[in-house]
Participant: 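Quick one: this structure, given as structure tokens, is what I'll be asking you about.
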Amino acid sequence: MEAGKLHEKDQQVLNDLLENVKKQTDLFLGYPVSKDFDYQALSDFLKYPMNNLGDPFVTSTYAVGSRELEKEVVQFFAELFRAPADNWWGYVTNGGSEGNLYGLYLARELHPKGMVYYSEATHYSVQKNLHLLNMSNIVIRTQENGEIDYEDLEHTIRMNRHMPVIIMANIGTTMTEARDDVAKIKSILKKLAIQHYYIHADAALSGTYSALIEPRPAFDFEDGADSIAISGHKFFGSPMPCGVVIAKKSNRDRIARSVAYIGSVDTTITGSRNGHSPLFLWYTIKRLGITGLKTRAMHSLATAAYTEQKLKALGIAAWRNMNAITVNFPTPSATICKKWQLAAEQGNSHIICMPNVTQAHIDLLITDLKAEIVLQD
Ligand SMILES: *Cc1c(COP(=O)(O)O)cnc(C)c1O
């Protein structure tokens, strides 16, 4: 065998994997990732060890990276989320979970004795992050639709009003895509005369398009958030997981620490940082612009409305939150769940109408569901 060349049987392993990935990508309605991207134009960048280690806004001695583009990506989201014009900062993360960890980390540095409040419907990674950060926390009940129960929140904060309040608000919960209303939460804090508080918005799923729809949900900096995290591989679409976190620069400054070895400032969670993922986000922003992104959002909402109506026509109890691209319904058979990769939790499943999902996909699923209903009768 020639050195450096793959053995035939190893090549076959790769070919088989590629086939399987292609096939599994086709039938994919249960998880919130877009698949309608084409980053071939960026493939030459795979030849280089791009690494944005350190703070994107402070140059590093390590110069093979995409900092300049990363800064543009951060600026795009800071403006989209109406961050204070002279007081924003952020970076491209490895995903929504890291952005949430970052928000909680900032909150803890500002309010070491704070109590974290988050709803039952919060993403599973948040509890782990609270454990990592060793922060006191209380789970708040949710309403039927997955939104935080504001009465329970108010009551619980009242019982602990001697402690600073840290809120992890969900802007699109994992199961039902419910949005907690940040303005409403802020009014509760005001009513209880809470002096010290921090609100982080977990907008992993719905962040980008929440800023593009009417009526605009209350979730961003102007509504009262102190930091916002999104996932880049969800609505935008990316071959590898990534995300963005936006925070107030004044808060970031409190944790900044200069590191001689990298010639930059250590303000992020990890050391080495993916230098390729900012390219994907930048490319999509430049190619689509706000108008293109809005078109994608409208397409997703229309597909969701279509899905809800088709399921209901079959006699299935489907429903969705206002302006949500997630359609909820009772979990179908194991065969259908496996084929369409539908998650199930306590008898509930969902279809997430990401921008790549079309009515044709939905029609195929509906055909499968219909066939099972006929069999049962
Ligand atoms: C996807 C998601 C996360 C986690 O984001 P990753 O990008 O997978 O790390 C957190 N919260 C919510 C609501 C999500 O939908």
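Both counts, for ligands and for their atoms, begin at 1 and track the order of listing.
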Participant: Taking CG in Asn134 as the centre, count heavy atoms belonging to other residues, nucleotides or ligands within less than 6.0 Å. Is the count above 12?
Facilitator: no
Participant: Is there a donor in the side chain of Asn145 and an acceptor in the side chain of Thr176, or the other way round, less than 3.5 Å apart?
Facilitator: no
Participant: Hey, which atoms in ligand 1 end up nearer than 4.0 Å to a heavy atom of Leu205?
Facilitator: 15 (O)
Participant: According to a hydrophobic-cluster definition based on side-chain heavy atoms being under 4.5 Å apart (Ile, Leu, Val, Met, Phe, Trp, Tyr only), do Ile148 and Met159 belong together?
Facilitator: no
Participant: Just to confirm my output: which protein heavy-atom neighbour is closest to atom 10 (C) of ligand 1, and how far is it?
Facilitator: His123 CG, 3.2 Å
Participant: Among all protein non-hydrogen atoms, which one is nearest to atom 13 (C) of ligand 1, and what is the separation to 0.1 Å?
Facilitator: Gly172 O, 3.3 Å
Participant: Output yes when the distance from some N or O of ligand 1 to some N or O of Gly96 is under 3.5 Å, and no in every other case.
Facilitator: yes
Participant: Check whether any side-chain heavy atom of Ser238 sits under 4.5 Å from a side-chain heavy atom of Phe37, and report yes or no.
Facilitator: no
Participant: Is there a nitrogen or oxygen of Ser125 sitting under 3.5 Å from a nitrogen or oxygen of ligand 1?
Facilitator: no
Participant: Does ligand 1 come near enough to Glu98 that some N or O of the ligand is less than 3.5 Å from an N or O of the residue?
Facilitator: no
Participant: Based purely on interatomic distance, does Asp202 place a nitrogen or oxygen under 3.5 Å from a nitrogen or oxygen of ligand 1?
Facilitator: yes
Participant: For the ring pair Phe236 and Phe280, is the centre-to-centre distance below 6.0 Å?
Facilitator: no
Participant: Is NZ or CZ of Arg296 both nearer than 6.0 Å to the six-membered ring centre of Tyr209 and within 45° of the ring axis?
Facilitator: no
Participant: So is Gly243 in contact with ligand 1, going by heavy-atom distances below 4.0 Å?
Facilitator: no
Participant: Heavy-atom distance to atom 1 (C) of ligand 1: which of Met175, His233, Met168, Lys234 wins?
Facilitator: Lys234
Participant: Could you tell me if any non-hydrogen atom of Thr174 lies under 4.0 Å from any atom of ligand 1?
Facilitator: yes
Participant: Same hydrophobic cluster for Val33 and Met175, using side-chain heavy-atom links shorter than 4.5 Å among ILVMFWY?
Facilitator: no
Participant: What are the atoms of ligand 1, with element, lying closer than 4.0 Å to any heavy atom of Ser97?
Facilitator: 4 (C), 5 (O), 6 (P), 9 (O)
Participant: Compute the shortest N/O to N/O distance between Ser231 and ligand 1 and return yes if it is under 3.5 Å, no if not.
Facilitator: yes
Participant: Would you kindly specify which portion of Ala204 sits under 4.0 Å from ligand 1, judged on non-hydrogen atoms: side chain, backbone, both or neither?
Facilitator: side chain
Participant: Is it true that a side-chain atom of Glu177 and a backbone atom of Thr326 form a donor plus acceptor pair closer than 3.5 Å?
Facilitator: yes
Participant: Just wondering, more than 12 heavy atoms not from Glu120 lying within 6.0 Å of its CD?
Facilitator: yes
